[in-house]
Amino acid sequence: MPEPLATLAGFSEVTPGRLDRPFLDLHLESAVAALRDAGMEASDVDGLICVGSMMGESIEHTFLSEEIQDSLGLHNLGLQLGVQLGGGSHLAMLGVATRAIQSGQCSAVLCVSAGVFPPIRDVGRRLMTMTCHPDYELPYAPSIPTLYGLIAQSWLDQVGQGREVFAEAVVAQQEWAVAHPTSIGAGAGSFTVEQVLDARHIAGPFGYLDCSIPCEGGGAFVLVSPDRAAGLPHRSVHVVGMGEGHTHGFLTSMPDLSRTGAVRSGATAFAQAGVSPADIQLAQLYDAFSSNPLMLLEELGLAERGKAVELYREGATRPGGRLPVNTNGGLLRFGHSGTASGICGVLEAYQQMTGRAAGIQVEQADLAVVHAYGSMLCSHVTVVLEGS
Amino acid sequence: MTVTYLEGLADPEVLPRIDEVNRGHFEAAAQGRLAVRECTACGLLFHYPRPFCPRCHSAELKWTDLSGDATVLVAAVVSRPPWNELPRAAPYPVVVVRLAEGPQMLSTVEGCDPAAVVPGMAVRAAFERVGDIGMVRFIPA
Ligand SMILES: [Zn+2]
């Protein structure tokens, strides 16, 4: 049995969309709802972590964690922090909270990230300056799909496959999305591989349907010490393993364009949990583009190199399959909430593991892996969760 | 070998910011040379320019002109430009190349069918002058 490091006690999730709500208010609503779900009050909380400024309205909130703390009347905290690791921020936040609980610094940490992803047409150039080098990459006018496309194409070249394998992930995730009541992409109905391949071309191996859907969204979760698990209103979901892997800051410096820090982060997390990738029953993998689920399944060791597509083709990753992946539709179809995107995988895993899935409930969800990363596949964080 | 100059590709609103660390690279490119940093302590050739050698952290660096010969490692054709104001027309291929002397570089390949730009393709440096500076791009060798 893996040793519990910390325990998820409650959550809240913002319905993704164009919400027209103030940035701070979204955080406060998420935080209050998550505490309520955990059956906790303000006085029960002794740690607060949020995700720092990235883009859009978040830029105006340099002291976001202080604003949240003050607004919620949290006046006796042992930890208060804004973390910034792009899409990896949210799992990094979970990691910091877990270590604070392990060390005794805190007993209950509120983690919140509700956020914004402005429409691409409004922020194209500014968005680019965040994800590529402003002097040595940006002037060549790559788009974000282009940068991801270079990595994805490199992986395709290495494993000898074509872009149709990525379409399998879009089709499978749409199967989950159509059954999810708040998934943005649900209304589009089921997809075929041909439909995905025929969508208008964007860059590299990606068409329109290979790209995630920008939106606002996010949510919050509460993490407590495992010795408090018995008093929780929901099934306990424990953090049992964590790992990180950081290999580069800019695409230009990637030592091998087809390999990522997920190899290290995954191996570290599985070793700490004392489980094998083959034991995993549920995977939530950060999927800004359709290439990620396949690449990450392989980098994390859930499939051999070049074999992830077989999991898709045999139906393992779809509803009813033996290894459900991105069960709310993922960033591709549920929605990519920009500054809050990385929290969605944790929230979906937690909902599945407590039997509270909003969409299709997975039958066996006792051991899950959640993986995210920041910037151009730079900063990888893997978390292993166990329900008991 | 004659130097090839290109024009009309860069967005004048999105040019590299020139500083003391990188001036040598961009001024050389305006003169048709591909210059990268060489560490005089450990001999590493590296791109992009940084104030310290990324291998040994020495600050004793010099500019070295390279041959301009390179091989495409991977290519991605852009159909939808990243921002609306970009003057150049899509599609165009963005590439990561391996320079013959070792360093890796992100750039574009010009002067051929974008679909013909594939891994292993031999290319050579070409230069786009924009004001006082130049940008290094590539053309088929
Ligand atoms: Zn050196």
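Lettering of chains follows the sequences in order, A, B, ..., and the numbering in each one begins at 1.
For B:E85, the part sitting under 4.5 Å from any heavy atom of chain A is the side chain, from C-beta outward, and nothing else. Contact annotation for B:V118: neither backbone nor side-chain heavy atoms come within less than 4.5 Å of a heavy atom of chain A. With a 4.5 Å cut-off on non-hydrogen atoms, A:I144 does not touch chain B at all. For A:F206, no part lies near chain B; criterion is any non-hydrogen pair under 4.5 Å. With a 4.5 angstrom heavy-atom cutoff, B:A75 touches chain A only via backbone atoms.
With hydrogens and angles disregarded, a donor-acceptor distance shorter than 3.5 Å links the side chain of B:Y92 to the backbone of A:A141.
Residues B:A76 and A:G149 share a closest heavy-atom pair of CB-C, 4.3 Å. Scanning both residues, A:Y136 and B:P49, for their nearest heavy atoms gives CE2-CD, 3.5 Å. Residues B:V74 and A:S154 come closest through the heavy atom pair CG2-N, 3.6 Å. In plain terms, the two heavy atoms of B:V94 and A:Y140 that are nearest each other are CG2-O, 4.2 Å. Nearest heavy-atom pair across B:V77 and A:H201 is O-CE1, 3.3 Å. Residue A:A203 comes nearest to B:V78 through the heavy atom pair CB-CA, 4.1 Å, listed as atom of the first residue, atom of the second, then distance.
Taking chain A as the reference chain and counting heavy-atom pairs below 4.5 Å, the highest number among B:L86, B:N22, B:D11, B:L15 is found for B:N22. The candidate from A:P142, A:P139, A:A152 with the greatest count of non-hydrogen atom pairs under 4.5 Å with chain B is A:P139. If you tally non-hydrogen atom pairs under 4.5 Å between each of B:S107, B:P103, B:A10 and chain A, the highest count goes to B:S107.
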| task | Go through B:L106 and A:L150 one step at a time and tell me if the side-chain contact (heavy atoms from CB on, under 4.5 Å) criterion holds. | result | CA-CA 10 Å; B:L106 186 134; A:L150 288 165; 3.8 Å; yes
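Taking 4.5 Å as the limit, some side-chain heavy atom of A:L257 sits within range of a side-chain heavy atom of B:V96. A:S253 has its side chain out of reach of B:Q104: every pair of non-hydrogen atoms, C-beta onward, lies at least 4.5 Å apart.
For B:R50, the CZ atom is densely surrounded, since the number of other residues' heavy atoms within 6.0 Å is greater than 12. For B:E60, the CD atom sits in a loose shell: 12 or fewer heavy atoms of surrounding residues, nucleotides or ligands are nearer than 6.0 Å. When the shell of 6.0 Å around OH of A:Y208 is examined, it contains 12 or fewer heavy atoms from other residues, nucleotides or ligands. Remark: B:D132 CG is loosely packed, at most 12 non-hydrogen atoms of other residues, nucleotides or ligands lying under 6.0 Å away. Atom CD of A:E304 is surrounded by 12 or fewer heavy atoms from other residues, nucleotides or ligands within 6.0 Å.
Atom CD1 of A:I202 sits about 6.5 Å away from atom CZ of B:R80, to the nearest 0.5 Å. Considering CE of A:M128 and CH2 of B:W83, their distance stands at 6.5 Å, rounded to 0.5 Å.
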